[in-house]
Each structure stands twice: as structure tokens, then as C-alpha cells.
Amino acid sequence: MKLELGNIHVRDLAFGPVSEVKENTVVIDQQALIAHLTELDHRIRSLELSIAKPGDSTRIMPVKDVIEPRVKVGCEGDIFPGRHLGEEAMVGEGRTHVLKGMAVVTTGEIVGFQEGIIDMSGPGADYTPFSSTLNLVIQCEVDDSCNQYDHEGVVRLVGLEAARWIGRLAEHVEPQEIETYETKPLLEQAAQFPHLPKVGYVYMLQSQGLLHDTYYYGVDVKGILPTLMYPTEVMDGAIISGNCVSACDKNTSFVHQNSPVIYDLYRHHGTKYNFMGVIVTNENVTLKDKERSSNFTVKLAKQMGWEAAIVSEEGFGNPDADLMMNCAKLEAAGIKTVLLTDEYAGQNGESQSLADSHKSADAVITNGNANQLVTLPAMNTVIGHDRYADVVAGGFNGSLHEDGSITVELQAIIGATSELGFHTLTTKAS
Amino acid sequence: MTIKVVYYLNQFFAQKGGEEMAHIPMEVAEGPVGVGAQVNTMLKDKAEITHTIICGDSYFNENESLCCHGLQEILAQLKPDLVVAGPAFNAGRYGMACGTVAKVAHEMGITTISGMYPENPGYELFRQYAYMVETGNSAASMRKAVPAMVNLINRFIDTEGEMGSPEEAGYMARGIRVNFFAQKRGSERAVDLLINKLAGSEYTTEYPMPVFDRVEPQPPVEMLSTAKFALVTSGGVVPKGNPDHIESSSASKYGEYSIQGLECLTEDTHETAHGGYDPVACNNNPNRVLPVDVLRDMEREGVIGSLHDMFYTTVGNGTAVAKAKEYGAEIAMKLQKAGVTAAIFTST
């Protein structure tokens, strides 16, 4: 599969009478977008749009998902495929336009416990990658007939459809740059660089239940057997987030679209190694599922002739067991393994960091200690509801102070300890 | 500008006398004393030891809470920029005292620099509260220990407290994980690591695997019909409304709640505070996580002797292992005191 990504750099985001991309400014007709989204589900009680820009004194919370507007151009397939009838075509080929530098952010009443904070300025801004994007924030509230499952489903749909709607504005815009990514069919790919070691990526997706589900072509990955994927498929939204594990290490749909291990593996593809492809696997709760999925993962890796692999985790605790199982079995099969995780080392960093370990895990990238406390000063504007500060994962009784400032663990900040390695936070011994 | 240092010494190194003077209570002297004078000279223009706290080793260890209180008052009054304690070498009581000084200072936001022999219990127990250089096991190594401590003090001053890693700065590992922003993002570092591992060249993990405690399973309960059972859970089941505000992640406490006279839990009486799993099934029927209903049946049928009136609960989600260990030890003590002979631990 060969995919051309055309980046259109968004310099500004504004509301206006006509939706368009004009001279690097994305203009959105609020009424038209709200009308489009309202039609999606009769249980939507209210929809409100706002714009949050880097440097603004603005806090967005509780955030459910962050999504990048993209559109397929002149080829088959749809962004975020597989969810609706008629949209089952494979993606990852052809051409895709990207509105680079902006994001759709969904917020509203809390669904569970695990939704996070984006601060557009101040100390909190350093910890989230989404303080540097121009954000169209959708506050979506649902009616009382919705249980938690319905609530999550409705807000997920609203976010994805809004991103698609905005993405379409870029269909006929000339991109400023075009990046090309290609992975050939297995035998051809192996033949292309016969003297380079074959490597791959094991992409672990959170699949533990409500607020812990991830979708591949619309399928809840709880029910999949590990499967092969062309790396370019994620760039068209083949993987979407339906989950809120702790906000810090939840992989938002935006981060899947920009899946950093995939992009960074492509950088040395054909020079240092032969990047053969991706195995999509899950993190289910039962031992038999963990054993089965890790066995399938190793089988596929051997089938593709990998000599080395990067494995990334989503979440923590229970999935640490999947991470270690994948590592131990890959290493036992002679496949050199590098892991990406984050740490829960206690607020003072004094505890051991993982819930499981294995001696073969000797090459680990850590993306930070999620328990570290941070105080976020009050902001002039809060989009959403800050009253949930005390109950989100990472908050505690008294997190929200009277003056509007918040003291929480980094856990509560979206993307702070991204286990896909999207951000630069890390941890060292002291 | 010079920084203000308060020094801590025991009776021996403060030249008050040996073991026969180990009973002397805490006192404060102005300026440097004993080894402090040498340190003060070596730090000239950069730091000044304004006061020295002196205490007998026996007195300190036998009156620990009194000494902690005294230290708090002294440090609050003197407001030093840095505390220096020891070196304690392999003197156990002195090491404990230096470590306790560091802990008190740490709680007040003041850094402590010390020196110890790695096997001194003061290192193992208090290493997270101080930057300690490694010393020999006796005062014979004073000539090496003092310059090493002075180097560390200089580094503290020069870096404005950003000490860097144990290897860079020359202190013994504190067992602490500290966050910082790296030059490259995580995925890029992962690819670099992969390239090095593939090439067979040297590579360094960013997180060496921890050594886990392995708890041996206890022998089975032989006579269920006479055993007193307790229910313990990390699944976060709490009385409705979560009265003690147990956190949905990274719990700072555990709860102790009565189930006396309760036949079962219902969605009106209990819920889960846990933020790490789908709460719907538990909230609809909390017995699924804390099986009071079934244990009451077994109690009635005589299968088990009795069910303890209290249950213990916390949230396992994101809770540091060190905290969990602390709660576990306390809960075990309480169960033992209550005459509980078997416990069912449900996790989620």
C-alpha cells in the first residue's frame, strides 16, 4: 500500500458565515456543523462549539477524544472506515489530505472516571500535546435516556463525524507538502531490502470494556484475533479510540492517526531495517485471552520473518501483563524486542512502576511517571465542567480549589504519558 | 551569594565524647563544629554553616518523635537552604538519625546531603529523602568522604538543586523516579533503541525491571466450618456516595466499613469508586465484586464459621505498589486482631 499524505498547514481557526479553508485559515459555519451533528442521534440534548488556541487562558475538561480532520481525495475509502454500511473499503492507499495543526476535541458531562484535562497555557500546557493545536471544541450533552455505554457512543460518533465534516473542507485545497509512505505486499516487501533485518510493530490496543474499547475498521478489538495491518492504514483512521483509560496514557484517535512509532519506523525503512508491517493486538482481561493473543502475535511475527519488534502498550496495571507476555514470548522466539510504557511510581516516584515484569524486558522506553502531582492555575475560560476534577482518575478530594486552580496527578492530563511515544516526557532514576 | 547550611552531627563527631555521651539531648550550636569546620572552609564564599545541631545517638533513637518535633522547630526557625548530615559511615544509630533528619527536612522542602556506607540501615530506609555519597564503613574513610560530600554540595549550589542522575552527580541511587522532558519523543527513542539492539551494540533501558516480592501462598484453610472469614477488595466497593472519597485512581487510603446485619449489597447501598474497569456490572450488583450475598448463605448453611462484620476496600487502579503494600500490612494486622482466620481477596 502506498499513501500520499498532503499536509495543509492550518494557521488559524475561526467561525464565519461559510465553511471553508482559505489561506491556511479554517473557517467553520457553526450553525451548519451543529445542524449536521444534531442529526446524528436523537438523544443529543445540546451541542456547543468553541475555539481554543495555543496560549489562551482556557481549560478544556473532561475531554473524551481528540481527532484530526482528514479526507480521502480521489480514491476509494473513507476516513474512519468500517463503521457505516457502504464504508467497508480498505484504507491506507491513494491520497489523503490533512488539516495539520488543528484538532477536534470532544467534551461534556463525564461518562466515567477517566476523562482528562487540556490546558492551552500555563504549566499544564507543557504536559499535553494538544495545547499546541488549534482546537475546535465540541461540548456535547446527551439526554437522560442514555446509560454510560450510550453516552460514550454518542459523543464518539459526534467527534468522528465532526472531524470528517471539517476534513472534507480540505478536499480541493492544494497541500503545502506531500509525504509518501509505502509498504509493499509481504513477499515483495521482503524482497525489496533482502539484506536488511526485518522489523515490525506490535500495536497493543486497550480492550477491557466500557471506556476501555478501541475499534479497528469499526470492530471492537476485544473480539479480534491479532491481525496484520499495513502501517498506512492508521493514517486514514482505521484505528479509533472509544476509550478513556487514564487521560495521560489514553491513545486518542488523533494519536492513532499520527501513530508515532509507525511514522518514526518509516524514517529508517530501507536504510537500517526493513519495516515489514504491523500486528494489531488487544489487551483483554482474562488470562486465556492474554495467552491466546500473545501466542497469535508471536506466530504472526515469525510468519513475517521479523528479527526485531517494537511493542507499545495502552493503559497500565492489567495491560502490563499483556506487555510482558508479548515481550517474553517474542524474545523466546528470538525476536529482539523494545517496549514502550509509562510508570505509576507513586506521587514521589518512590515505588516500583509496573504491575508485572519479565527479565527479557531489557529495552524499555518510559514515557513518564503518571502519579506526579502538578498544580494547574485557574484559567479565564473553562470549556466543559471543571467540577469533575475531584473524581477523574488522577484527582482526589480537594483537587479543585476555590480559586479554580486544580492539583492533580499527571494521570488527569490528556496525552501526558503517551505510551505510543507521542510526547517527550520520560523518567529517570534519582 | 552564599547559601545557608545547617549541619547535623552526633555526640562523637561533635567532639562531646563517645558512647558514654550518647544519651545527651539535642542542642544547637552556632557556626560549624568538628568536621563541619573543614566543610565550611572548603565551601568558602559559596556556603556558610550557620548552625550545627548536635544530638546523642541513643537519645535520638530512643526519643525519635520528640527529636523530629525539635528538628521541625529548629529548621523552621533557621530556614536553611540546605541541611548536611554526617557522614555516618556504618554507624547504624547515627545513620538512622541522619536519615530521620533528612526526612524531616524533606517534608519541609529542604534538601539534605549526607554520606553513608551502603549497608547502613539509614541508607536503605531513608535514601529517598537525601542525596548520600558512598563512604567506607568507618571514620578511617573520612578523608575521602568529606571531599565527596563537598562536591555534592557544590553541585547542589551550581545546579540550583537540579542534581541530575546518581551517576552524573556522584550520589547513591535514591530509588526515586523523576520526570523530565527528553530531547526526542518516546517513539523516536524506541526506534533508536531498536536499531542499537539489532546491531548488537550497547543500549540502555530507560526502566530497569523491578524485583517483585513473591508471596508464598499460605496453607489451605482446613476447617471452613470454624473459620472466621473477612472480605477484602481492591475493586473499590464502597458505601453509596463514597463517604471517604477513596480516589478512582492512585488511592491515598483504604476504607473499613461495616456489613453487620447486611444480607447482601444492593445498588442502593453500595457502588464502586474504581476508575479502572467497567463499573456498570458492579454498580448494578456490588456482590459481584464483594460477594456478601454468597458468604451469608454459606454462613447460614454452616459451610463457613462466620463472616467478619467489617470489610476492607481500596482502589487498585494506578495505586503505587509501595502504597498497596502499606495498606495490605495494616489491613492484615487489623484482621489478625479481630480473630479473622481466613480472608477472601477479590481483585478486578
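Proteins come first, then strands; the chains are lettered A, B, ... in the order of their sequence lines, and each starts at number 1. Predicted model only: the values in this text are computed from it and were never measured. Worth knowing before you read on, the calculation uses all heavy atoms, side chains too, and leaves out hydrogens, waters and symmetry mates.
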Residue selection (most heavy-atom pairs with chain B, distance under 4.5 Å) from A/Gly395, A/Ser353, A/Gly346, A/Gly394:
A/Ser353
Per-residue contact mode, B/Lys184 against chain A (heavy atom under 4.5 angstrom):
backbone
Please flag which part of B/Glu188 lies under 4.5 Å from any non-hydrogen atom of chain A: side chain, backbone, both or neither.
both
Between B/Leu193 and A/Val364, which heavy-atom pair has the shortest distance, and what is it?
CD2-N, 4.0 Å
Chain B shares the most heavy-atom pairs under 4.5 Å, among A/Gly315, A/Ala361, A/Gly317, with A/Ala361
Taking the side chain as C-beta and beyond, is there a heavy-atom pair between A/Gln347 and B/Ser252 under 4.5 Å?
no
Under a 4.5 Å cutoff for heavy-atom pairs, which residue among A/Glu419, A/Gln372, A/Glu307 has the most contacts with chain B?
A/Gln372
What residue, out of B/Asn317, B/Thr205, B/Ile195, B/Asn242, has the most heavy-atom pairs lying under 4.5 Å from chain A?
B/Thr205
d(A/Asn397 CG, B/Lys253 NZ) to nearest 0.5 Å is 6.0 Å
So which of B/Pro208, B/Ala173, B/Gly276 has the largest heavy-atom pair count under 4.5 angstrom toward chain A?
B/Gly276
I'd like to know if the side chain of A/Ser351 and the backbone of B/Ala322 have a donor-acceptor N/O pair within less than 3.5 Å.
yes
Run the numbers on B/Leu194 and A/Tyr201 for side-chain contact (heavy atoms from CB on, under 4.5 Å), then give the verdict.
CA-CA 11 Å; B/Leu194 185 83; A/Tyr201 176 32; over 6 Å; no
Exactly one of A/Asn369, A/Thr427, A/Asn367 should register a side chain to side chain donor-acceptor pair (under 3.5 Å) with B/Asn179. Which one does?
A/Thr427
By a 4.5 Å heavy-atom criterion (distance strictly below it), what part of A/Ala309 contacts chain B: side chain, backbone, both, or neither?
backbone
Quick check: do B/Tyr207 and A/Leu339 have side-chain heavy atoms less than 4.5 Å from each other?
no
When the 4.5 angstrom heavy-atom criterion is applied to A/Ala370 and chain B, the contacting part is neither
Report yes if some heavy atom in the side chain of A/Tyr344 is under 4.5 Å from a heavy atom in the side chain of B/Val321; otherwise report no.
no
Examine whether an atom of A/Val199 lies under 4.5 Å from a heavy atom of chain B, and if so say whether it belongs to the side chain, the backbone or both; otherwise answer neither.
side chain
Side chain to side chain, B/Tyr277 and A/Asn318, heavy atoms closer than 4.5 Å
no
Please step through side-chain contact (heavy atoms from CB on, under 4.5 Å) for the pair B/Glu247 and A/Glu409, ending with a clear verdict.
CA-CA 11 Å; B/Glu247 293 83 351; A/Glu409 295 185 359; over 6 Å; no
Chain A contact via B/Asp244 - side chain, backbone, both or neither, heavy atoms under 4.5 Å:
neither
Is A/Val391 close to chain B through its backbone or its side chain, or both, or neither, when contacts mean heavy atoms under 4.5 Å?
backbone
Between chain B and each of A/Ser357, A/Pro197, A/Ser399, A/Ala393, count heavy-atom pairs under 4.5 Å; write down the option with the most.
A/Ser357
Might you confirm whether atom NZ of A/Lys272 has over 12 heavy atoms from other residues, nucleotides or ligands at distances under 6.0 Å?
no
Restricting to non-hydrogen atoms, name the atom on A/Ala363 and the atom on B/Lys197 that form the minimum distance, rounded to 0.1 Å.
CB-CD, 3.9 Å
If you draw a 6.0 Å radius around CD in B/Glu119, do more than 12 non-hydrogen atoms from other residues or ligands fall strictly inside?
no
Closest approach of A/Thr366 to B/Arg177 (non-hydrogen atoms, all atoms of both residues)
CG2-NH2, 3.9 Å
Output the distance between atom CE (B/Met209) and atom NE2 (A/His358), rounded to the nearest 0.5 Å.
10.5 Å
Do the rings of B/Phe181 and A/Tyr127 sit parallel, tilted or perpendicular, given the 30° and 60° boundaries?
tilted
Quick test of your reading of the model: are A/Glu350 and B/Lys325 salt-bridged, counting only N-O distances below 4.0 Å?
no
Answer yes if the side chains of B/Arg189 and A/Thr426 hold a donor-acceptor pair under 3.5 Å, and no otherwise.
yes
If you count heavy-atom pairs within less than 4.5 Å of chain A, which of B/Ala190, B/Gly164, B/Ala169 leads?
B/Ala190
Considering residues, nucleotides and ligands other than A/Lys428, do more than 12 of their heavy atoms fall under 6.0 Å from its NZ?
yes
Any side-chain heavy atom of B/Ile176 sitting closer than 4.5 Å to one from A/Asn348?
no
Residue A/Leu420 versus chain B: region with a heavy atom under 4.5 Å
backbone
Under 4.5 Å from a heavy atom of chain A, the part of B/Phe180 involved:
both
Heavy-atom cut-off 4.5 Å, strictly under: side chain, backbone, both or neither for B/Ala199 against chain A?
neither
Residue selection (most heavy-atom pairs with chain B, distance under 4.5 Å) from A/Asp390, A/Asp362, A/Thr417, A/Ile310
A/Asp362
Closest non-hydrogen atom pair between B/Gly318 and A/Phe316, with its separation:
N-CE1, 3.1 Å
Largest heavy-atom contact set with chain B, pairs under 4.5 Å, which of A/His268, A/His423, A/Glu343
A/Glu343
Consider side-chain contact (heavy atoms from CB on, under 4.5 Å). Of A/Pro260, A/Ser259, A/Ser418, which one does B/Ser187 pass it with?
A/Pro260
